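Encoded as structure tokens, the structure appears first; notes follow it.
Computed from a prediction, not measured in an experiment: that's the story for all the values here. Below, chains carry the letters A, B, ... as their sequence lines are ordered, and counting in each starts from 1.
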Number of protein chains: 2
Amino acid sequence: MIGGVLELAILGFLAEQPLHGYDLKRRVAQLTGHVRPIADGTLYPAIKRLERAGWLTRRTEPGSRAAPRQMLVLTEQGRAELRRRLTEPEEMEISDENRWFTVLAFLRHLDDPAARDAVLRRRLAFLETPSSFFYDGNRPVRAEELDDPYRRGLLTIARATSRAELAWLRETLGGTD
Amino acid sequence: MIGGVLELAILGFLAEQPLHGYDLKRRVAQLTGHVRPIADGTLYPAIKRLERAGWLTRRTEPGSRAAPRQMLVLTEQGRAELRRRLTEPEEMEISDENRWFTVLAFLRHLDDPAARDAVLRRRLAFLETPSSFFYDGNRPVRAEELDDPYRRGLLTIARATSRAELAWLRETLGGTD
DNA sequence: ACACAATACATCCGCGCCGAGGTATATCGG
DNA sequence: CCGATATACCTCGGCGCGGATGTATTGTGT
């Protein structure tokens with residue numbers, strides 16, 4: 001999460017079905033792999049922002065096990081906003097892995113296959129631009145050269161992730177490519 | 001970066017050698033894989049915070065190619081603070097991959113091998129607790145079951161990363177374990 | 001009957017981050 | 001000589017996020 005993607009996640013989950021805040025909270029936490037449980041003080045103001053923007057409405061319902069719930073329903077404008085954000089993700093939503101994963105989790109909500117592919121291709125382009133974690137002056141330092149085992153591990157793990165994602169992207173985009 | 005780890009990165013880089021802000025900026029950006037170039041409005045206030053806390057001091061030097069530089073030098077308290085933050089990382093520094101990578105990048109600055117291993121073991125414990133991205137009620141949904149190719153990709157990539165890191169952690173901790 | 005946990009929602013404060021804008025110097029090509 | 005670019009530093013406003021705190025209801029264990 002972090003940094004605007006929370007709103008994307010809310011719009012995305014609500015596009016699948018109406019949910020109440022507490023349920024949303026659980027799903028968002030799960031989406032990040034429980035890496036970052038979302039705080040109440042983050043979620044509820046975010047819901048308010050989306051409501052004020054006209055992207056969702058509330059329906060009060062009796063709670064199943066406790067206090068009454070505010071069922072959140074995505075409006076047609078909300079659905080349009082979701083499509084807009086998925087079609088034209090900002091640069092950081094492409095480069096930052098956490099944010100990118102959120103985009104990927106809801107990409108299916110774009111109906112146009114060409115639009116979906118375009119987003120994947122942006123990520124592919126980003127991953128294909130050479131970049132390193134550590135430099136000796138301007139020369140990138142390879143994992144094997146590092147005498148620090150922790151930084152070597154860092155590069156090893158990052159490389160494994162990159163390889164897996166590149167393979168998946170090429171396979172998914174592949175076909176007639 | 002994001003969320004306090006910026007300070008850890010500054011302390012970590014300065015523990016290796018004195019640097020000026022501009023240089024620091026480049027290194028921090030590289031550390032994140034250029035995922036998140038750090039903004040001036042983020043870096044310079046952070047430097048000020050660390051200076052006010054007594055963790056670094058400045059030495060003005062003539063710039064090599066431009067305006068005079070503020071060389072930043074870590075103080076003894078700064079070095080102690082770095083060790084403290086590495087010895088007792090907060091929960092989110094263990095769970096959030098971005099933050100964890102920052103910890104890992106500077107872990108060598110802990111002299112005590114047992115302390116370093118303890119940090120690795122916390123990460124290992126986190127990765128070994130089962131968690132999923134998507135749930136059907138309370139039952140975790142496996143990648144193979146998902147009809148959404150993007151979420152399937154998500155799980156595939158996450159799993160590859162997890163496998164690589166677990167292998168590395170076990171190998172590194174291994175030996176006589 | 002009572003304590004406790006889980007459900008469910010909400011607000012406030014502080015703080016770190018970003019983007020925009022500003023200042024200044026040195027180098028290099030035209 | 002002039003503009004562009006890279007170097008180098010700084011401030012301010014806005015805003016999202018996290019943590020603390022509060023309120024209320026329902027189910028569970030004892």
*asked:* Taking A:Trp168 as the starting point, is it possible to reach A:Leu166 by hopping between hydrophobic residues whose side chains are less than 4.5 Å apart?
replied: yes

_C:dA10, OP1 or OP2 - any side-chain N/O from A:Arg69 closer than 4.0 Å?_
no

*Does CD belonging to B:Glu90 count more than 12 external heavy atoms closer than 6.0 Å?*
no

_Nucleotide D:dC15, atom P - distance to CZ of A:Arg49 in whole Å_ = 10 Å

*What does A:Gly21 touch in the nucleic acid at a heavy-atom separation under 4.0 angstrom: a base, only the sugar-phosphate, or nothing?*
sugar-phosphate

_Rounding to an integer number of Å, can you tell me how far A:His20 NE2 sits from D:dT25 P?_
17 Å

*The side chain of A:Leu6 lies closest to which of these nucleotides: D:dA6, C:dC9, D:dC17?*
D:dC17

*State plainly whether the residues B:Glu165 and B:Arg123 are in salt-bridge range, i.e. N to O under 4.0 Å.*
yes

*How close or far is atom P of C:dC9 from atom CZ of A:Arg58, stated in whole angstroms?*
9 Å

*d(CE, A:Met71; P, C:dC9) in whole Å*: 9 Å

*Whole Å only: how far is the CZ atom of A:Arg26 from the C1' atom of C:dA8?*
11 Å

*For this output row, return yes or no: ring centroids of B:Phe13 and B:Phe106 closer than 6.0 angstrom.*
yes

_Less than 6.0 angstrom from the centroid, inside 45 degrees of the normal: does B:Arg121 satisfy that with respect to the ring of B:Phe126?_
no

*Spacing of A:Gln70 atom CD relative to D:dT25 atom P, expressed in whole Å*: 15 Å

_Rounded distance (Å) that lies between atom C1' of D:dG22 and atom OH of A:Tyr44_ = 14 Å

_With a 4.0 Å cutoff (strictly under), does any side-chain N or O of B:Thr42 reach OP1 or OP2 of C:dG16?_
no

*Base of C:dC9 paired with side chain of A:Asp40 (donor-acceptor, under 3.5 Å)*: yes

*Which residue lies toward the 5' end of DNA chain D, A:Ala39 or B:Lys48, if each is placed at its nearest nucleotide?*
B:Lys48

*Separation of atom CZ in A:Arg27 from atom P in C:dT7, rounded to whole Å*: 14 Å

